Colleague: 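Below is the structure I would like to discuss, written out as structure tokens.
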Amino acid sequence: GESVGLHLPTLSVQEGDNSIINCAYSNSASDYFIWYKQESGKGPQFIIDIRSNMDKRQGQRVTVLLNKTVKHLSLQIAATQPGDSAVYFCAETGYSTLTFGKGTMLLVSP
Amino acid sequence: ETGVTQSPTHLIKTRGQQVTLRCSSQSGHNTVSWYQQALGQGPQFIFQYYREEENGRGNFPPRFSGLQFPNYSSELNVNALELDDSALYLCATEVTGARTGELFFGEGSRLTVL
């Protein structure tokens, strides 16, 4: 069936480094691809999305890249901070419902 | 703050019992979805309600049911609880007509089935 998955379950970085979290997807018909951040004990929090007709979108300290040729999505976080420590999920959607991947835990050391 | 409130935050049930989880959202968020998140996994879509009617359902059995009320609140009911129903249950809403992936999640209700 259709699925969204991640390459790396855990990513450890030093404070100030740039982080890159990767994700593979298989549903080419999705309209949007989204990144969510989930801190311990909390619900997922929207970070950034990208529409399927785009290949790059930037937000505050974050950039999402979409490569439809290889069905790959990445989240880049610039100058990673301890507060960025969380589990990051990629997700895809066709209409309101989201299909989530398994998540990558980002650990930021001071 | 997402404006989405869930209750209870934690609860423990035994196998075979029934549970009702509640969610309240804000004005303008007419679509509500429920997700199940097992430990160490991503959230899995259960179903969605729009204007008090079910508007889509994931791969969950009929013992998972829901309701949406005119005051932007909703319920998730699970009958005949099984051990595998132990999970974090998340309610998510979206701005009506947004049609993007931006959902507003509550902090969840953690259900433990013994």
Side-chain angles (χ1 to χ4, degrees), chain A residues 1-10 21 23-27 29-54 57 59 62 64 66 73 75 86-106, chain B residues 1-7 9-10 21 23-25 29-51 53-60 66 68 87-110:
Chain A
E2 304 288 0
S3 65
V4 178
L6 295 175
H7 296 306
L8 300 173
T10 305
I21 302 172
C23 172
Y25 66 90
S26 59
N27 186 357
S30 296
D31 290 332
Y32 284 90
F33 298 89
I34 313 100
W35 285 98
Y36 278 84
K37 171 186 180 183
Q38 187 173 25
E39 296 176 274
S40 180
K42 296 188 176 181
Q45 177 186 6
F46 174 88
I47 301 173
I48 190 169
D49 64 4
I50 186 167
R51 197 163 184 175
S52 58
N53 62 355
M54 301 171 64
R57 189 173 186 208
V62 296
V64 56
L66 176 63
L73 186 71
L75 176 69
V87 177
Y88 289 80
F89 294 97
C90 64
E92 51 91 9
T93 181
Y95 180 68
S96 295
T97 65
L98 297 179
T99 300
F100 284 86
K102 292 184 180 179
T104 292
M105 176 169 285
L106 176 64
Chain B
E1 293 295 327
T2 62
V4 179
T5 305
Q6 293 188 241
S7 63
T9 56
H10 296 80
L21 308 178
C23 173
S24 64
S25 62
H29 291 218
N30 291 337
T31 302
V32 62
S33 301
W34 285 89
Y35 288 79
Q36 180 195 65
Q37 186 175 24
L39 199 61
Q41 302 292 319
Q44 299 294 309
F45 173 69
I46 303 175
F47 46 56
Q48 181 185 86
Y49 278 79
Y50 175 68
R51 291 187 175 180
E53 293 190 358
E54 189 175 294
N55 188 41
R57 190 177 185 92
N59 189 26
F60 281 81
Q68 184 185 28
L88 181 68
Y89 289 86
L90 295 161
C91 169
T93 68
E94 66 176 295
V95 174
T96 301
R99 297 189 67 111
T100 69
E102 184 172 7
L103 299 187
F104 298 84
F105 283 86
E107 297 197 344
S109 294
R110 183 161 296 283

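Just so it is clear, the model here is predicted, and its values are computed rather than measured. Just so it is clear, the values below take in all heavy atoms, side chains as well, and ignore hydrogens, waters and symmetry mates. A, B, ... follow the sequence lines: proteins, then strands. Residue 1 opens every chain.
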Colleague: Flag the one option from B:P43, B:G108, B:G42 with the top tally of heavy-atom pairs under 4.5 Å to chain A.
Modeller: B:P43

Colleague: To the nearest 0.5 Å, tell me how far B:F45 CZ sits from A:F100 CZ.
Modeller: 11.5 Å

Colleague: Return the minimal non-hydrogen interatomic distance between B:L90 and A:G43, and the atom names on each side.
Modeller: CD2-CA, 4.0 Å

Colleague: Does the A:Y32 side chain pair with the main chain of B:E102, one donor and one acceptor, at a distance under 3.5 Å?
Modeller: no

Colleague: Take atom CZ in A:R51; do more than 12 heavy atoms of anything else shown fall under 6.0 Å from it?
Modeller: no

Colleague: Quick check for you: among B:R110, B:Q6, B:Q37, which has the greatest number of heavy-atom pairs under 4.5 Å with chain A?
Modeller: B:Q37

Colleague: Tell me, side chain or backbone of A:Q38 under 4.5 Å from chain B's heavy atoms, or both, or neither?
Modeller: side chain

Colleague: Quick check on B:N59: does its CG atom have over 12 non-hydrogen neighbours (other residues, nucleotides or ligands) under 6.0 Å away?
Modeller: no

Colleague: Measure A:F33 against the heavy atoms of chain B and call it side chain, backbone, both or neither at under 4.5 Å.
Modeller: neither

Colleague: Can you tell me how far the CG atom of A:L98 sits from the CD atom of B:E94, to the nearest 0.5 Å?
Modeller: 8.5 Å

